[in-house]
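Structure first, then comments.
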There are 2 protein chains.
Amino acid sequence: MDHDSALFENLVSELRRGTLILSVLALLREPQYGYSLVSGLESHGISIEAGTLYPLLRRLEKQGLLDSEWDVDQSRPRRYYVLNDSGKKILALLSAEWRRMTQAIEVMIQTGG
Amino acid sequence: MDHDSALFENLVSELRRGTLILSVLALLREPQYGYSLVSGLESHGISIEAGTLYPLLRRLEKQGLLDSEWDVDQSRPRRYYVLNDSGKKILALLSAEWRRMTQAIEVMIQTGG
DNA sequence: TAAATATACTATGCGTCATACACTATTGTC
DNA sequence: GACAATAGTGTATGACGCATAGTATATTTA
C-alpha cells in the first residue's frame, strides 16, 4: 500500500468514525447480537471489526441508550442488545442532526463554498 | 445542561468528527485563510473553533494535501491555505466515499436494517 | 478429523478533537 | 483619545475514541 492510499484509508476511517454510532443505533431498533450487527453493517457496506463493535456496545449501554441480555435457549448463547426509550429518543435527534449535516456538506462539496 | 443533552452534544461532536476534514477540504479548493474558513463553515451551519481548525490545517499540510503561504500585502498579514493536486485527488475520492456512506446510513435510518 | 464459521470479549496504543490559553492589529464608537 | 469589538494567528494538553492484536470456545461442514 502506497502513501496515498494509506492516507486515504486513514481519512475514510475518520469519516466512518462517529457515523458508526448512528449506524449501530439505527440497527438496534430491532434486537441484535454482536455478530449479527457486524454482518448487518457489512451487508450495508459499512465494515467494522468485532473488536471495535463490542467496546462501542459497552459504552452505549453504560450511557444508558441500550439494554442487553443473554439468550441461552438457542443452540448457542447469544447476548442480545436493543435500544431502550432513551436510545430511541437520541436516535431520532441524532438522525435529524445527521441529515442537517449531510445536506450542509453536500452543498460544500458541490459548490465549494 | 442535563445528562441527556450533554450526551447528545457529545454524540453530535463525534458525528462532526471526520466530516470536518471533508468540509475543510471542500472549501479549500479556493484559497482561504483560517478566519475565513471558520466563517465559511459557520455560514453553512458547521461550527468549529479556531483552536480546532489550526491544528487540523497543520496536519493536512503535513500530510501533503495542501499548501500555505503568507500574504503580507494586505492591511494585515494572513496565511492562505489551498489544496494542491494531491489534495484535490483525495477530496474527489473522499467525496465519493462520503456519498456511498451517507446513502448506506440513510437506508439504515429509514428501514432499520 | 480438520477446517471453517459463528460467537463473545479485553487491553492498549495511537490519533484526533475540544478546551483553554496567549498574542496582536484594525475598525468602530462614544 | 479611549475603549470595545472584531479580525486574525497560533500552541499545549487532556479526554476520549477507534483500530489492532490477541484470547477463547462452540458448532457446522467437508
What closest approach, in Å, do A:Leu65 and A:Ile90 show between heavy atoms, and which atom pair accounts for it?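 Closest heavy-atom pair between A:Leu65 and A:Ile90: CD2-CG1, 3.7 Å.
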Can you figure out which of [options] approaches the side chain of [X] most closely?
X	options	answer
B:Tyr35	C:dT7, D:dC18, D:dT6	D:dT6
B:Tyr33	C:dC17, D:dT9, D:dA19	D:dT9
A:Arg78	C:dA6, C:dC17, D:dT11	C:dA6
A:Glu14	D:dT9, C:dC9, C:dC17	C:dC17
A:Arg16	D:dA19, C:dT16, C:dA6	D:dA19
A:Arg76	D:dC18, D:dT25, C:dC17	D:dT25

How about B:Ser47 and B:Arg16: do any of their side-chain heavy atoms sit closer than 4.5 Å?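 Yes, their side chains come closer than 4.5 Å.
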Any donor and acceptor pair, going by atom type alone, linking the side chain of A:Arg99 with main-chain N or O of A:Ala96 inside 3.5 Å?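 Checked: no pair found.
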Which residue is it: B:Tyr54, B:Tyr80, B:Tyr81, B:Trp70? I am looking for the one with a ring-ring contact (aromatic ring centres under 6.0 Å, His included) to B:Tyr33.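 The single option meeting the ring-ring contact (aromatic ring centres under 6.0 Å, His included) with B:Tyr33 is B:Tyr80.
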Phosphate oxygens OP1/OP2 of C:dT16: is one of them under 4.0 Å from a side-chain N or O of B:Arg59?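 For C:dT16, OP1/OP2 do have a side-chain N/O of B:Arg59 under 4.0 Å.
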Bending between helix ends of the helix from C:dT1-D:dA30 to C:dC30-D:dG1 [5 pairs per end, 10° resolution]: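 Answer rounded to 10°: the end axes differ by 30°.
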Want to settle it: does A:Arg17 or A:Tyr80 sit nearer the 5' end of DNA chain C, counting the closest nucleotide to each?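 By nearest-heavy-atom nucleotide position, the 5'-most residue is A:Tyr80.
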Residue closer to the 5' end of DNA chain C, B:Ser75 versus A:Arg79 (nearest nucleotide):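 Closest to the 5' end, via its nearest nucleotide, is A:Arg79.
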salt_bridge(B:Glu97, B:Arg100) N-O dist < 4.0 Å: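 Salt bridge between B:Glu97 and B:Arg100, a charged N being under 4.0 Å from a carboxylate O: yes.
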Across the strands shown, which category fits B:Gly51 at heavy-atom distances under 4.0 angstrom: base, sugar-phosphate, nothing?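 If one applies the 4.0 Å heavy-atom cut-off, B:Gly51 turns out to touch a base.
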